[in-house]
2 protein chains.
Amino acid sequence: MDVRTLCLGILTLGDASGYEIKKQFEEGPLAFFYQIGFGAIYPALKSLNRDGLVNCTEIMQHGRPNKKIYSITSEGIKIFKKYLMRTPACDKLRSESIVMFFFAHFLAKEHLDGVFEGYLDENRKAVETIKNINQNNISPECQFTNGLGLTVYNAIVHYMENNRRLLFDEKGSDQREPEMK
Amino acid sequence: MDVRTLCLGILTLGDASGYEIKKQFEEGPLAFFYQIGFGAIYPALKSLNRDGLVNCTEIMQHGRPNKKIYSITSEGIKIFKKYLMRTPACDKLRSESIVMFFFAHFLAKEHLDGVFEGYLDENRKAVETIKNINQNNISPECQFTNGLGLTVYNAIVHYMENNRRLLFDEKGSDQREPEMK
DNA sequence: ATAACCATGTAAATGGTTACATGATTAG
DNA sequence: CTAATCATGTAACCATTTACATGGTTAT
């Protein structure tokens, strides 16, 4: 799913500027299922506008660039719906932290410790971010995806808390098995 | 983490051909944390060889292209370890299925149903694949990452089984809240 | 004072996917 | 007989990231 399609999707929820769309991908309900940056969003909006899938209203501002509010057109909605009829691609995950855990025997203890705490932190923050999404008045779909995210990030946090020893125990200790509930 | 680095990592586990490295990223313990294809692996191995980070031994075969077994050099190990000293990037996930759930109100019921069952299946298969990784004689690091993967994919499967109604219930039913253990 | 936030945009570089090209062997 | 597996590789294409460019406002 490319950035153009993702922007169309966000705009079905209401008008927004590029900046606001970026925020959606940092703190909004889709933040955990896609990450995109300014360098991809601004050109995407431009090309969507060129193709008539979104309209643009410029709001004059002083001291900063004019704000451009985009709204999706009926043609844009049509294209977005059409995209959704496809069979979705498989999930793609890229986790450098987990690769580092896998190769933990090559890491200095202090560094491994930093990577571990950093990853715990990343996942704890994800839990907090989802909890902070306003839970009133949200659609059941959004409840579903929020709940899924919360479940996954909580599972990671708990697993890490309970299985730290697999990465940090000295050699020669008893057999170890991962604990899972 | 680029494909070159990932290939070096795999080769620290033992010599392998490009084809075998690909299999590692389909069925091996890293399969859930990175996905890469032939079109990226073969050029990567070629360039690693050119840079002296891996050696290549060609094994003659009849009826199919000669097999090229790569082995990591001491320089390659040095470079790989150096890479691991960096601060890992944040996880990047891309899930078209979850985006489709989020926009479920735009989908025909039959299609939503297909996407839902497909995603359940994808995650159930992931659980099976991890369970099928030979659990004897594996390092604690690998136990850790396998266990983490198992925990996450199990959590997704159970969440989906228990919260199907959030996506499929008719409008006008009682208030619904996601169930999480 | 300092950091974070607001606000947009371009160009170059990176890096990976997809499609193509080839074709025997083995398992069900 | 059909599908999957084995086995490598290139080239064109696609999409995104990163770095650069600019700079006032607001909260701590």
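We use all heavy atoms of the structure for the numbers below, so side chains are in, but hydrogens, waters and symmetry mates are not. Model, not experiment: these values are computed from the prediction. Chain letters run A, B, ... following the sequence lines, proteins first and then strands; every chain starts at 1.
Between the CD1 atom of A/I41 and the P atom of D/dT18 there is a distance of 14 Å, given to the nearest Å. Between the NE2 atom of B/H62 and the P atom of C/dT26 there is a distance of 8 Å, rounded to whole Å. What separates OH of B/Y42 from P of D/dC6 is a distance of 11 Å, to the nearest Å. Atom CG of A/N66 is separated from atom P of C/dG9 by 10 Å (rounded to the nearest Å). Between B/R94 atom CZ and C/dG16 atom P the separation is 12 Å, expressed in whole Å. Going from atom CD of A/Q35 over to atom C1' of D/dT16 covers 13 Å, rounded to whole Å. One interatomic measurement links the two molecules: CZ of B/F38 to P of C/dT22, which rounds to 18 Å at whole-angstrom precision. Here C/dT17 presents its P atom at 14 Å from CD of B/E96, a figure rounded to the nearest Å.
Looking at the side chain of A/R64, the nearest of the listed nucleotides C/dT10, D/dT8, C/dC6 is C/dC6. Listed nucleotides: C/dA7, C/dG16, D/dT16. Nearest to the side chain of A/P65: C/dA7. Taking only side-chain atoms of B/K46, from C-beta outward, the nucleotide of D/dT10, C/dG16, C/dG9 with the closest atom is D/dT10. The side chain of B/D2 lies closest to C/dG15 when the candidates are C/dG9, C/dG15, D/dT16.
Here the two rings, on B/F102 and A/F144, have centers that are 6.0 Å apart or farther.
Side chain to side chain, B/D2 and B/T5 meet the donor-acceptor criterion of an N or O pair below 3.5 Å.
Using bins of under 30°, 30° to 60° and over 60° for the plane-to-plane angle, the ring pair A/F103/A/H105 lands in the tilted bin.
Axis deviation across the helix from C/dA1-D/dT28 to C/dG28-D/dC1 amounts to 80°, comparing end segments of five pairs, rounded to 10 degrees.
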Show which side-chain atoms of residues 53-64 of chain A pair as donor or acceptor with protein atoms under 3.5 Å away, not counting sequence neighbours.
residue, atom, partner, partner atom, Å
A/E58, OE2, A/N66, ND2, 3.3
A/Q61, NE2, A/P65, O, 3.1

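By the 6.0 Å and 45° rule, A/R124 does not stack over the aromatic ring of A/Y153. Under a cutoff of 6.0 Å and an axis angle of 45°, A/R164 and A/F168 form a cation-pi pair. Judged by the 6.0 Å and 45° rule, A/K22 forms a cation-pi pair with A/F38.
Across all strands, B/G39 comes closer than 4.0 Å to base atoms (heavy-atom distances). Among the protein residues, B/R4 comes within range of no part of the nucleic acid, since none of its heavy atoms lies under 4.0 Å from any strand.
Here A/Q61 does not reach the OP1 or OP2 of C/dC6: none of its side-chain N or O atoms lies under 4.0 Å away.
For the pair A/A40 and B/P43, nearest-nucleotide mapping onto DNA chain D gives the more 5' position to B/P43.
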Please test B/M1 against A/R94 for side-chain contact (heavy atoms from CB on, under 4.5 Å), starting from the C-alpha separation and ending with a verdict. CA-CA 8 Å; B/M1 198 173 294; A/R94 318 196 142 184; over 6 Å; no
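For DNA chain C, the neighbouring residues in residues 6-27 of chain A, judged by any heavy atom under 4.0 Å, are A/S17, A/G18, A/Y19, A/K23.
Side-chain contact between B/R86 and A/E96: present, with at least one pair of heavy atoms (C-beta onward) separated by less than 4.5 Å.
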